[in-house]
Structures are given as structure tokens and as C-alpha cells.
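Please read these numbers as outputs of a predicted model, since none were measured by experiment. Numbered from 1 within each chain, the chains take letters A, B, ... in sequence-line order.
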Amino acid sequence: MILEGAKLMVIGMAIVYVFLLVLMLSVMLSAKLFKDSGTGVPLDAGASKKSRRNVLPVIATAVAAYRAKRASDDRS
Amino acid sequence: MILEGAKLMVIGMAIVYVFLLVLMLSVMLSAKLFKDSGTGVPLDAGASKKSRRNVLPVIATAVAAYRAKRASDDRS
Amino acid sequence: MILEGAKLMVIGMAIVYVFLLVLMLSVMLSAKLFKDSGTGVPLDAGASKKSRRNVLPVIATAVAAYRAKRASDDRS
Amino acid sequence: MKRLVLIFAVLAFSLGILTGTPDSFGETVDQGAITTEKTEELASLPVLLKNIATSTGIYGFIAGNASSWVYGFGMFLMIIVGFLLLYLGIAKKFEPLLLVTIAFGCILSNIPLAGINDPGGIIYYVYDIGIKTGVFPLLIFMGVGALTDFGPLLANPKTILLGGAAQFGIFSTMIGALLLTQYVPGIDFSLKDAASIGIIGGADGPTAIYLSSQLSPRLLGAISVAAYSYMALVPIIQPPIMRALTSSEERKIRMKQLRPVAKREKIMFPLIALTLCFLLLPSAAPLIGFFMFGNLMRECGVVDRLSDTTKNALINIVTIFLGLGVGSRLSAYEFLSIETLGILVLGIVAFSIGTASGVLMAKLMNVFSETKINPLIGSAGVSAVPMAARVSQDMGSKEDPQNVLLMHAMGPNVAGVVGSAVAAGMLLAVFQ
Amino acid sequence: MKRLVLIFAVLAFSLGILTGTPDSFGETVDQGAITTEKTEELASLPVLLKNIATSTGIYGFIAGNASSWVYGFGMFLMIIVGFLLLYLGIAKKFEPLLLVTIAFGCILSNIPLAGINDPGGIIYYVYDIGIKTGVFPLLIFMGVGALTDFGPLLANPKTILLGGAAQFGIFSTMIGALLLTQYVPGIDFSLKDAASIGIIGGADGPTAIYLSSQLSPRLLGAISVAAYSYMALVPIIQPPIMRALTSSEERKIRMKQLRPVAKREKIMFPLIALTLCFLLLPSAAPLIGFFMFGNLMRECGVVDRLSDTTKNALINIVTIFLGLGVGSRLSAYEFLSIETLGILVLGIVAFSIGTASGVLMAKLMNVFSETKINPLIGSAGVSAVPMAARVSQDMGSKEDPQNVLLMHAMGPNVAGVVGSAVAAGMLLAVFQ
Amino acid sequence: MKRLVLIFAVLAFSLGILTGTPDSFGETVDQGAITTEKTEELASLPVLLKNIATSTGIYGFIAGNASSWVYGFGMFLMIIVGFLLLYLGIAKKFEPLLLVTIAFGCILSNIPLAGINDPGGIIYYVYDIGIKTGVFPLLIFMGVGALTDFGPLLANPKTILLGGAAQFGIFSTMIGALLLTQYVPGIDFSLKDAASIGIIGGADGPTAIYLSSQLSPRLLGAISVAAYSYMALVPIIQPPIMRALTSSEERKIRMKQLRPVAKREKIMFPLIALTLCFLLLPSAAPLIGFFMFGNLMRECGVVDRLSDTTKNALINIVTIFLGLGVGSRLSAYEFLSIETLGILVLGIVAFSIGTASGVLMAKLMNVFSETKINPLIGSAGVSAVPMAARVSQDMGSKEDPQNVLLMHAMGPNVAGVVGSAVAAGMLLAVFQ
Ligand code: NA
Ligand code: NA
Ligand code: NA
């Protein structure tokens, strides 16, 4: 039965990696197509600017939350 | 079968209108009974005054929301 | 059947009181063990201080809510 | 209220003309009378019109009468009862969360030919899935647990005993129900029925619904309505009894301020109660277990998002369905009987005896104890949280405006919930 | 959109290489083809690889084709339809709450070999428990009731009649469906089907879903999609019809400001509507009952926590499941047919006739009445709350920027919801 | 903890006296032993008292022992396990949302004679309706989707590969389970069991519950407890492994700031993942489909009220029931075995191998790529969102306080969730 397990492991890791590789390539393709604004797709002209504005506070918030957490953990 | 449809249409519209007419009359009767405050029913003495105060902002809000919507639609 | 009812009453009240008595004793024991802070259990060192601060506003709020309620009841 | 009746009369009159008098009295009405076998061909227009007239509610009320009045005029009466409950809930503010939803369930379930309460109808599902199984009352109890602060009880554990005394109302009312069975013709309560009726004295909605859904589903409607109505009437029922059993001096007793309760004590309490429950009375474990689960989520401080949802969205959603489901038990067949009258009478007896027992227990405890208890907080042991505690406060401050009994009364008040659940568990153990 | 297609093409190509061409065409694909009888021993590695290739969706689309195209390429097409609905919901903001959830239900239900819509799959349960029983649309209707303000209707009750006229779209479209059946080969609607299709003209999602789930489950998907799509298209469908049927003077009519409505009137309205419903048309009681239950909770002022949950957490949760369940009806077998095309054509006819009827009714009322109604608010009687009322406002203010019709149009708008529910109840009474 | 034990001992002692020693050892205990056949006549008072004593939990624990220890003392032990889990959840804050609810489900399900987990009991329903069908884990996954921000993954897609490497823990642990079966007497895991145990290494609660509810319901309790416990222990398990496999220079690698991600990219991601899923691995469609449904609702911006409810009321309600249902699998019969010990050992192996694989994969990628990756973020690929990412940040800033790895680690962190779902889907395809 351990042989069966080995088979599953080979196939399983192969499937996981094929899936994630195709996902990675698709995401890169998607980024190429949708990253820049001004490509004529009218969905949300100001989106990239807006999200640029948004990402920074998000990171800041996350870091702050993390630091607060660590601080409280250290105290306990 | 189209004849059946026609029958249904006649009866259907009749029922819809009988129902809505009776509803209209009942609402009018209800308005007569409950419109004015000071009729001795103690449920909420200040209600009509309060709702008078409330209706205007409601309309204002609705109109504002509508105009904002139209403005954003025009822009897109 | 009334005799059955009487039996149930005796047993029922007995069980209710046995349960509540043991509950009362357990709560007293628990109070002895957990009432004071500084007993070395690290769960929340500042808890009793915090709850002392909290209990008073809770009472105040409850009393205020109750008085407001009574006032409005009197009016109606 | 007069106006409501007036509108009704006008409506009934105008509609009576529209629909005409049915000419097929004596036949049983089956649902959806218009349907023809071949759906592809409708009847002729006059026949169709007649069929539509016989599918009106007015016709249903009248023709239903022909087979048995409880399927005709009885249903109409129950709809009136539903509107009455709406009036009590909305205009009189009697426990509106439950009475409004029960009332709507009652009205919808008694509409002839609509089948909302028949297999396939939505309220039938609600009852079948949520009430019969006991799921809804237990979830409500979990929400009540998340809403309950046991702090006052923990600060003064002796008040737990007051919550026990009030349960005497449950058992004495049970005997009352058996007496009615023996001496009043037309009333025939089994021992299980009597137990379910007695639990009204527990003054705790979910416990009453849970127990009677398990022991006496046929009485569930009347028992729930009685329980919630009398809970709303606590400020009228209790004061005369409390005044009669106490002296002015007793009512003036001031109690010393409650000590602060540590967070850890509050976390331990639901665990202790649960432990006692599974050691002593496992049959009460569903009720006490879910109650204490809700309370632990509240107090433990690490699952606040769960306890927030439990005491808001979840309890609200379940309340709506619980009310509709309980309302579906208010059928003419089961509700319009002399037994309902008996239940209503017994319910007020239960509340009165519970109130008296709590007050007397407090006086008894004062005989043996140094630190005196104001007997006015004894009546709060019937539960009816937080109404009964407010009554105690109210009567106390009438004697002495500076006397604040509210928090002291919350102790027996929440102990009464535990006490009723224990009593219900004991009755379940006996009968199930 | 072009980019979406491009990505799809690239994906399909790259994956086609990965999975290879299946060599077992003509066999029926059964679910989970890799399983061996003895789970303790797997096949040899090459066989296993081949098995895994035959369990991909790509293989499923191709091999499913072999038994019938609706199980292969048809499913793929339906997934494309799902993505199209997502595009309409997200990029075009067409009734996104329903179109996005329906679209996801459609996509998940059409994935070959996944079985999400087969017995045991989650969306199968959702449909079985929530849609087939009618529970979800009724709960949505309860939430809509809690969101609806009948104030404008109560301030000007005559507008109720406009909500009636628009229902003409329902019945004339029903006849249209029967005409298509008679004259277009490949279309075969029964009388029940025709009634379900007609209800699209009610422009009210939950009513359409409820009626067609009861009368024509096989058309539920197409009918829901048509109803919600056209509701979103109201600002495009209605204006030309409204302009064609009115003169510039009529469009300039100013209506006098609405009187304030007392709280008690608002409380009485759901009770009156419910009473009429059970007296006149019990078969509409589930729809109108739950609608009015929601509205009573909103207006009665004593159960705010219940109405808050009803119009937030509860309606949101049910919307998600309703959308998934409706989406599960978008199977290739049922959706990809000439009949769907017929339904889409009939749907727009229904909206157009409803709009025209409302406008003409308003003009007719002006003939008999002193106080003139702006006929632009007649079109709002089709429901499509609040979109249709906004269209009325929009067209009115184009003629006269000072003219505020919005609140006046809300009267027929909400009356149209009641009118559609009455029509649905009448159809249920006839067929059930 | 000591005090808890003390209280227990006192309770058990005082209650032992109250209930006396049972004299009917050797008989099977049936539920509700007090019931007499004719409910109208109760037994005599002494018999009744004895019956009540035999319906206590204490008697249940002792007498249950007589038929098999797992029905007596075993149940008591499982209640202790429940209290231990409560302690871990509340005092140690180990994933409290799940451990507290699982613990309560465990306690309630192991109360003798209460029958909460037998047909008709509430937790039985919860398990039957929500867990066995897979509905609850999928709804949780939908909520997790609505809570997940894929931005960091989209900004640096290469990190997806790190989420793949960590899945090696799943498959190697599976082999470990088979090795235990072969060499340790008393442990007998089937291939399905081994797969379910391996998924603990996915470090993702809902995926673990979903897979084991489908493949190995008997191990569901142990697997869930192991998964959530080790997820809470990530800050203890991972650091030594990460330190051992990296040099100080590697831990100091700074990564360039993440680029901003357009809203449209975030909308496309769930659609792309869903498309790949149905094309390549339909058996993962329930998990990935609901995950991506939740994420699309979050990102699309037009159904915010649905995503708000999904990630608040809905996920909270489902979490409560999921916990109770999973807890019901913690029966003495299934949990108190050498196999549970094996699962606990294998679980920590799974986490360790997953952590190591992620770190090594990062180092491997650095060999081939110009832009270096800090290998500390590789360990975040095991999922355990967001704990594992915090561990990466923590270790990075210990080497270089200015180094902010948190957002970089979120990429592999969420990719790990997708990777585990893919692995689970593949295992479902093989076995189902
Ligand atoms: Na009580
Ligand atoms: Na309509
Ligand atoms: Na993972």
C-alpha cells in the first residue's frame, strides 16, 4: 500500500504544480492585459491610480496590526 | 389554447382590478380614520407631526440620491 | 392522577433545590479560587481591576435605562 | 380597536356582495377548487367565475363550516385572535418580538385554502424543521445565554435559592391542571399535558416552547401564548402579591452593594453549570448546554464575533421563524376549546404562586441569615428577565426612593432561568 | 470582453495540449472515472495518468458530447453564458445582486464530472430545499417588504390603479406565448408555461421565481434571467414607449406635494392588504402574507431588531442561495433551446405592454378626474422598484427640470408589486 | 487548570454521595430510564428516586462502563478532552473560533443519556445536514474567500510556486500514515484515511474538514482537532525548521516593494482560478468554486452587501454549527484510540515537511532567478493564514528590523490555500 501512496504523491504533486504553474502564467497574462489603465477598456478608468492609493494604506494597516499583535504577545 | 389564454386574461385583469380597487377604497377609509391625530386613539399622539417632519428629508434624500446616480451615469 | 402530580412535585422541587444548592456551593468555591487577582494564574492579571471599572457603569446604565423606561411608562 | 372592527365589517360586507352566496353547502372544500383535470383546457367563463368565487377566503370560511365549524368560522375566529395578538404586541407592547411573529404565524396558518400550514407550505416546514425538533428554542436559548450577565448572581450566590423557590409555581400549577381534569368536564389533560402547562410558571419562553414541543405539541400554541402574555403582564400580576406578603419595613431593607466579579469567575460559571448538568441531570443538557454555550461565548472574550452574531443576526432570524412556527399551532381545532381557557387560568395561577414562593423564600432566608435580603427581589425568581427585576426595583423605590434593587434582583432573575431549565429537564427525564 | 475571450482561448489551447485527445469517444462518461473498485490498490501509473486525463473538465466537455451535445459542448456554452451574466452584472451593473449569484450558480452547475448540481451536491440541496419549496423567494419577499415604504401610495391611493394597469403586460404576454406555441415550430409552451412566462411582465424577481418554481420549474432559469435582465434594462426599454404615448404638455404636468402619512396608516396598510388577501384570494397569501409581514415589522416600531435583520443579514444570505439555486436551472438541456429565445422575446414584449398600459391608464384617469396625474408615473406601475420610478423622474425633469416626480412614481411602483403578486396568486389558484 | 481539576473532584465527590452506588451493574443503560409504559401512572416514590438516581450522568458514566468502557469512562474522558480544548482555546487563544465550538460540541455529544448526538438530537441534525453533506465547510470557504486579499499574490505571481511546494507535506504525511499502518500494531489506516490525514499538512481547516468528511468521517474529529491545534502552534513549529534551513544572509534578503494591483486584476483572478479548476480538475470545483465565489463577491464591488454578510453573519453562524458538528465526531469510541495518537504525530510531521519544502523551494527558485526571494516567506506556503505569514515577518525582522516581509509572505500564504484545495480535489477525484 505504500507503493500506492508513492504513486499518489507523484501524481498529486504533479497535478498541484501543473495547476499552479498554469495559474501563475494566466495571472501574468491577466496582469499584462489589465495592469495599465488607458487601454481603452472603460471598466474603471481611474482604477490603477485609485488602487495605488489604496495599497499603501493596506500595507501600512497590516504592518501596524502585526506590530500591535507582536507587542501584545511580548507583553503576555 | 389561445382562447384559454384570453379567458385567463379577462378573469385575471378583473381580479387584479377588483383587488386593487377594494384596496384603494380601504386605504382611503383607513386614511380617514387614522390620518388626524387628536382623535382620542392614544397610540402615538405626535405621530403625524413627526412624520410631517420626516417626509421632507426622505424626499430630499431620494431626490439627492437620484441626482447623484444620474450624474454618475452621465459621466460614464 | 393527582397523586402522581404530588409525587412529581416533591421530586421536582427536590431536584431543583439539590441542583441549585450544589450550584451555589460551586459558585462560592469558584469565587474563592478566582476572585482575587495575583494568585499566580496568569489568565488575566488585570481582570478584577478591569471588571471593577466595568461593573459600575453597567449598573449605572441599567438604572438609567430603567428610570427612562418608567418615566415613559408613566407618561403613557 | 373599534376602527379595526369597523374596517373589517365594511370589507366583509363589500366583498360578500362581490362573491355572492355559495350554493354548494355541505360539500367538503378541497384546495384550489378551480383546477380542472386537463390544465390545457379551462372551464367556460361562467363556470370559471363561479370556481373563482368558491376559491375566495370568504367562501372558505363559510363552506368550511359545513364539514366542521373549526374549519370554517373557527379559522376566522383564530384570525381575529391573531389580530388581537398583533394589537397586544404593537399597541400594548406585550413582548412584541414574539407576539407579533406568533400572531402572523397564526393568521397565515388559518387562511382557508392557502395551505401555508399544510405539507408543502412554508410554515409547515418551519414547524417541522425548527420546532418539532427543538432546534429553534435551543438556538434562542443560546442567544439568551449570550445576552445574559450572570455577574449579579455570582456576586451574591445566595440569591440562587430564590430562583429555586419560584419554580414551585411550575409544580403546583401542574397539580392544578390535574384537578381541572378531574373536576371540569371537557378538560382532559394527561400528566404530560399538565407538566407542559405547569412550565408556564417558569416564565421563560424558550423553555416552555421546548418542553411542550416535546411533551404536548397539541398545547404548544396555547402554552406559548399564555407564557408570553403573562410575562408581559408581570408588572400587573406581581405587585399586589408582593405587597400582600411583605411589610413596609421589609420592603425598605437596603442591600449592600454588590462586589465586583472577576472575569475568570464569569468564565467558570457556564462551565460549572454545564458540569453539574451532565453529572446530575443529563436530560436538561440540551437546554442548559446551549444556554451556557451562549454565555461562555459571551464571557470568554476570544470569540466575540461569534457571540455578537449569536445575540444579533442569529437570534433575530430564529425568533422570526420560531414565532411563525409557534403561531402555526394556533389552529381553531386545537386552540378554540375549553382547555385553552383552562390553560389561561392556570398560567396566571402559576405566575402568582411562583411570585409568592419567591417572596416567602426570601423571608425564610432572612430568618436564618444575618445579612438581610429585601424580599421584594424574591419575586424576580420567576424569570421573566428583565421585567420581574424591574418590578422589584419599582416597588422598592416606592417605599424608599434611594433604594436601588435592580441589580440585586437580577441575581434571582437569571437563577430562575436556570431553575426552570432544571425543572424542564427533570420533567423530560420522567416522561421521555 | 475581448480580453476575456483571449484568455479563454489561450487557456483552452494550453490545456488541450496537457490533457491530450481522449480515445474513448462514444462511451458515456461516469463521474469520478479514476476510482477503482478496490480503493486499496490503485491502477498502474500510466493507466492512472490516463484516468486523470479523462477526469478533466476538458475531457468532460468533449466526451460528454458523445452521448448528447447538451452534456458536452452545451455545458461549455452554458458556462460561457454564466460568464456573460457575470459581465452584465459586474461591468454593466445589471441587477448585480441576482445576476452575479445566478451566474455563479450557472457556472458551478455546468461543470462536467463535478456533480455540484447532482443529488449530494451542495447546489442540488440549495435548489431542493429553498427553491422547489418556494421558501427562498418568500423570504426575499419578506425582506423586500421590510425595505418598502408604502408612504407615497398611502398619500395618493389613486396611484394604486396604475399598478393594476401594468399587469396587463402579464396576461397579454401569456397570450403571446400561446401564439408562439401555435405558430413557431420547436416552441411548445403549456398554459402553465405561458402563465409563468407572462409573469416576467410583473417585473418583480421573487414573484417570478415563486410562480415559475411552482408552475414551470423547467423554465425557471430562463424566466429568472429574462426578468432580472429586463428589470436592469428598464431605463432603455421604457423611455421611447413613454415618449410615444405622451404629449409634451402631459409630461410637464406638475403634481401637488404628497401629504404626510401618519404612522398608524402605515401600520394599518399591511394589515388591510393581508385581510383583503385572505378574504378574496387566499392563493396569493404566501406571497402577499410574507411581503406584508416584512412591511409590518418595518412599520410597527416595536420589532426593529427583527426588521433590521430581515432587510440585512437574512435577505443577503437568502439572496446568495436563491441566486445559486436559480443558476442551477441554467442547464444546457433546458436553457439552450429555441424556447429560451422565445422567452427572451416575450419578456421584452411583456415589459413594453406593461409600460404602455400604465401610461395609458394614467391618461384615462385624467379624463375622469380633476386633479391631473402626470402620465409619466404610469409606467412605474410595472414595478422594477425603484428603477422604473427613476425613469419617470428622469423623463419628467427633461421636460421641466423643476418637476420632481420621483415620490409620486413610487406609489404606482410599489402598487405594481402588489398587483403582480395578486396576478400570481390568481394564476396559482387556477393551476394548482 | 489545577483549580479546574480541584472543582471537578469536589463536585464528583459531593455528587457521588447524593446519588449513591448503582446496584444494577451489568445491565445496558437505555435512555430515559425513568419512563414507565403507562405515562399516566408513575412508580412508587422509592422506585422513582432510584430511577432518578440511575438517570444521572454519574450513573451513566459508571453503568455505561459495564457494556463497554467507551460508553462509560470513555465518555467522561472525552468530556475532559473537551474541557482541555476549551482551555487551549480560551486561555491559550489557540484558534479559539473553532476550538471553543468544537470543544462544546465534544462535551455535549459525550453526555450520557442526553442523546444530543443521537437521531433526534440537535447536534445529530447539525452533523447530518451540515457536515456529512459538505455544506458547512464550503460555506466557510466562501466566507474565507470574501476575507482573502489576493493582491500580494497578483503583485508577485512567482510566489504561487511556493504555495505548491508546501503541499509536499500532504503527500509525504500520507505515506507516513501508510507506514504506521504497516509497522505499528493497532493502527489500520486505509488509503482514504491516509489521504485525509495527509491533508492536515494543508494547514487549512475547511479543506481538511471537507475532505475527511467525504473520505474518512470516522477520523474527522481527530483530523480537525489536529489541524486547528497545529495551525495555532505554527509560531512554535516553524521557526526552528526555518532557521535550520537558511543562512543569516538569506534571512536578510530584502524584497522589492510590491507593485500596486489594479481592481480589474483582482476581479479577473477568481474567474481565472475557477476556469482552470473546471477545465483541469472538476473534482476541486466545490472547494475552489465557493472560495472564488466569495472572493469575486469581495472584489467585484457591486455586491458589497452580500460579501459583508458572507464574511460576518453567515460565516459566524456556520462556524458555530461547524464546530458543534465536528465536535460531535469526538466520541470516545472513535477518538480514544492509538490511531488518534498516530494522527497527532503525523500532523506535526505534515506541518514540518510542508514548512521545509516551502523554504527549500524558495532557495531553489533563487538558484534560477535574478530577483532573489527571501526563503523565509517559503514557509508561509503551508497556508495557516495569516499566522504563517506573521512568522515569516517575525523571523525576518529579527535578522534585520527594517525588513518588512509580511505582505510578501501573504502571496505564498494564500497560494497555499489554493494549493491545498487542488490537492484535496485530486484526492477526491481518485477516491470518489
Ligand atoms: Na424561571
Ligand atoms: Na409588478
Ligand atoms: Na495549504
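- Ring geometry for E/Phe278 versus D/Phe83: interplanar angle of 30 to 60°, hence tilted.
- Between D/Leu108 and E/Ala285, the shortest heavy-atom distance links the atoms CD2-O, 4.3 Å.
- Taken to the nearest 0.5 Å, the CD1 atom of D/Ile107 stands 11.5 Å off from the SG atom of E/Cys277.
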Full working for side chain to side chain contact (heavy atoms under 4.5 Å, CB included) between E/Ile129 and D/Tyr125: CA-CA 10 Å; E/Ile129 291 169; D/Tyr125 288 119; over 6 Å; no
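- In this structure, the side chains of E/Phe293 and D/Leu324 come closer than 4.5 Å at one or more pairs of heavy atoms.
- A distance of 10.5 Å separates CD1 in D/Ile90 from CD in E/Glu299, rounded to the nearest 0.5 Å.
- The distance from atom OH of D/Tyr59 to atom CG of E/Leu279, rounded to the nearest 0.5 Å, is 16.0 Å.
- When all heavy atoms of D/Gly89 and E/Val302 are compared, the closest pair comes out as O-CG2, 3.9 Å.
- In this structure, the separation between CD1 on E/Ile267 and CG on D/Leu86 is 10.5 Å, given to the nearest 0.5 Å.
- Heavy atoms closer than 4.5 Å to chain E are found in both the backbone and the side chain of D/Leu97.
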Donor-acceptor list for residues 309-318 of chain D side chains, cut-off 3.5 Å, not counting sequence neighbours:
residue  : atom : partner  : partner atom : Å
D/Thr309 : OG1  : D/Arg305 : O            : 3.2
D/Thr309 : OG1  : F/Asn316 : ND2          : 2.7
D/Thr310 : OG1  : D/Leu306 : O            : 2.7
D/Asn312 : ND2  : D/Asp308 : O            : 2.9
D/Asn316 : OD1  : E/Arg305 : NE           : 2.7
D/Asn316 : OD1  : E/Arg305 : NH2          : 3.1
D/Asn316 : ND2  : D/Asn312 : O            : 3.2
D/Asn316 : ND2  : E/Arg305 : O            : 3.1
D/Asn316 : ND2  : E/Thr309 : OG1          : 2.7

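- Between the OH atom of D/Tyr87 and the CG atom of E/Leu271 there is a distance of 13.0 Å, given to the nearest 0.5 Å.
- Neither the backbone nor the side chain of D/Phe94 comes within less than 4.5 Å of any heavy atom in chain E.
- Summarising the geometry, atom OG1 belonging to D/Thr56 is positioned 7.0 Å from atom CG belonging to E/Leu280; distances are rounded to the nearest 0.5 Å.
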